[in-house]
Amino acid sequence: MIVEKINGDGSVKTEKDLLFAFSMMLPTFRGIKPVSGIEGLSSPRGFTVMDKHPQNPKDRNIFAVGVGVAIPPMGPTPVPCGVPNTDVKIESMVTATAHNIGALVRGQGPDRVGSWKAVCLADFGNGGIAFVSQPQIPPRNVNWSSSGKWGHLAKYGFEKNFLRKLRKGQSQPCYENLALKTLGIDKLKQTTHG
Ligand SMILES: Cc1cc2nc3c(=O)[nH]c(=O)nc-3n(C[C@H](O)[C@H](O)[C@H](O)COP(=O)(O)OP(=O)(O)OC[C@H]3O[C@@H](n4cnc5c(N)ncnc54)[C@H](O)[C@@H]3O)c2cc1C
């Protein structure tokens, strides 16, 4: 594999040959075809455009959540870079969306906004890392990370818990609610409605 190191203006600084065996490359993220190329609905890469509610500004019946939403870049980069998305942040978008669709059905306007907090566990085999970023996009109130064998055990426990929830059709059992509340990881930003 030939990799290029680039300068700030996007020009190639150096090239390097790397051994390519059992390697993995992540291709650029894109939205899906059914919502791509529609003026006002999708970005040039096919991500769905939404506001903070997260509702499409042009077609108010469309909400978008997850890795498929268009999040504006933090600033200019030499090559196009997306803003990372994580599951807890997405759950906060989903929570806001569910409340806001409910409000629309009741004839009110959408007023809930996801907190976009990130909690991540990465398993490295014998160990692992965890980090908390609140909110995920700076400026942040909380920046915390730690690593150790417990990281591996925590991800193992998380997977067991996650699969159990899927089997039972539960989204957030009371013990999880309590744990997130203790850590101060709420899914919604405080609004006039709490
Ligand atoms: C190894 C790994 C570890 C991670 N660890 C963490 C972590 O510790 N904490 C954290 O917060 N986040 C973590 N993430 C990120 C998190 O998993 C993702 O951000 C999250 O799952 C994205 O959710 P989503 O619903 O937007 O997309 P997905 O979970 O990818 O769901 C999209 C679904 O759409 C389906 N689909 C795709 N195309 C079509 C189509 N044309 N028609 C119908 N269905 C379609 C797919 O099959 C899929 O089921 C991790 C991700 C990975 C890969």
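First listed ligand is number 1; within each ligand, the first listed atom is number 1. As a basis for the values below, the full set of heavy atoms in this structure was taken, side chains included, without hydrogen atoms, waters or symmetry mates.
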Gly10 versus Ile6, closest heavy-atom pair with distance: O-CG2, 3.8 Å
Atom 14 (N) of ligand 1 protein-contacted, heavy-atom criterion under 4.0 angstrom: no
Gly66 neighbourhood, listing ligand 1 atoms whose heavy-atom distance to it stays under 4.0 Å: 26 (O)
Under-4.0 Å heavy-atom contact between protein and atom 34 (O) of ligand 1: no
Distance in Å, Asp186 CG paired with Leu180 CG, rounded so as to fall on 0.5 Å steps: 9.0 Å
Heavy atom of the protein closest to atom 40 (C) of ligand 1 (residue, atom name, distance): Ile32 CD1, 4.6 Å
Minimum-distance protein heavy atom relative to atom 5 (N) of ligand 1: Lys155 NZ, 3.2 Å
N-O pairing of Asp111 and Lys189 below 4.0 Å: no
Residue portion contacting ligand 1 (non-hydrogen atoms closer than 4.0 Å) for Lys33: neither
Best match, Ile90, Val88, Leu26: closest heavy atom to atom 19 (O) of ligand 1: Ile90
For atom 11 (O) of ligand 1, closest protein heavy-atom neighbour: Asp87 N, 2.7 Å
Protein non-hydrogen atom below 4.0 angstrom of atom 7 (C) of ligand 1 present: yes
Atom 47 (O) of ligand 1: any protein heavy atom closer than 4.0 Å: no
Within-cut-off N or O pair, Val65 and ligand 1, under 3.5 Å: no
Check: Arg164/Asn161 side-chain N/O donor and acceptor closer than 3.5 Å: no
Test item, Lys89 contacting ligand 1 (heavy atom, 4.0 angstrom): no
Heavy-atom protein contact below 4.0 Å for atom 50 (C) of ligand 1: no
Non-hydrogen side-chain atoms of Gln136 and Thr86 separated by less than 4.5 Å: yes
Flag: protein heavy atom within less than 4.0 Å of atom 25 (O) of ligand 1: no
Gln172 vs Asn177, side chain to side chain donor-acceptor pair (under 3.5 Å): CA-CA, chis, key distance, verdict: CA-CA 6 Å; Gln172 200 165 296; Asn177 261 336; 2.4 Å; yes
Nearest option to atom 9 (N) of ligand 1, as decided by whichever heavy atom of Val119, Val69, Leu121 sits closest: Val119
Protein residue, atom and distance nearest to atom 27 (O) of ligand 1, heavy-atom basis: Val67 CG2, 3.7 Å
Rounded distance (nearest 0.5 Å) linking atom CE of Met50 with atom CG of Asn56: 10.0 Å
Protein non-hydrogen atom found under 4.0 Å from atom 30 (O) of ligand 1: no
Check ion pair Lys165-Glu176 (N to O, under 4.0 angstrom): yes
Inter-residue atom distance Ser146.OG - Phe131.CZ, 0.5 Å rounding: 13.0 Å
Nearest-0.5 Å distance that lies between atom OG in Ser11 and atom CD in Glu4: 10.5 Å
Short side-chain to backbone donor-acceptor contact, Gln134 and Ser115, under 3.5 Å: no
Flag: protein heavy atom within less than 4.0 Å of atom 44 (N) of ligand 1: no
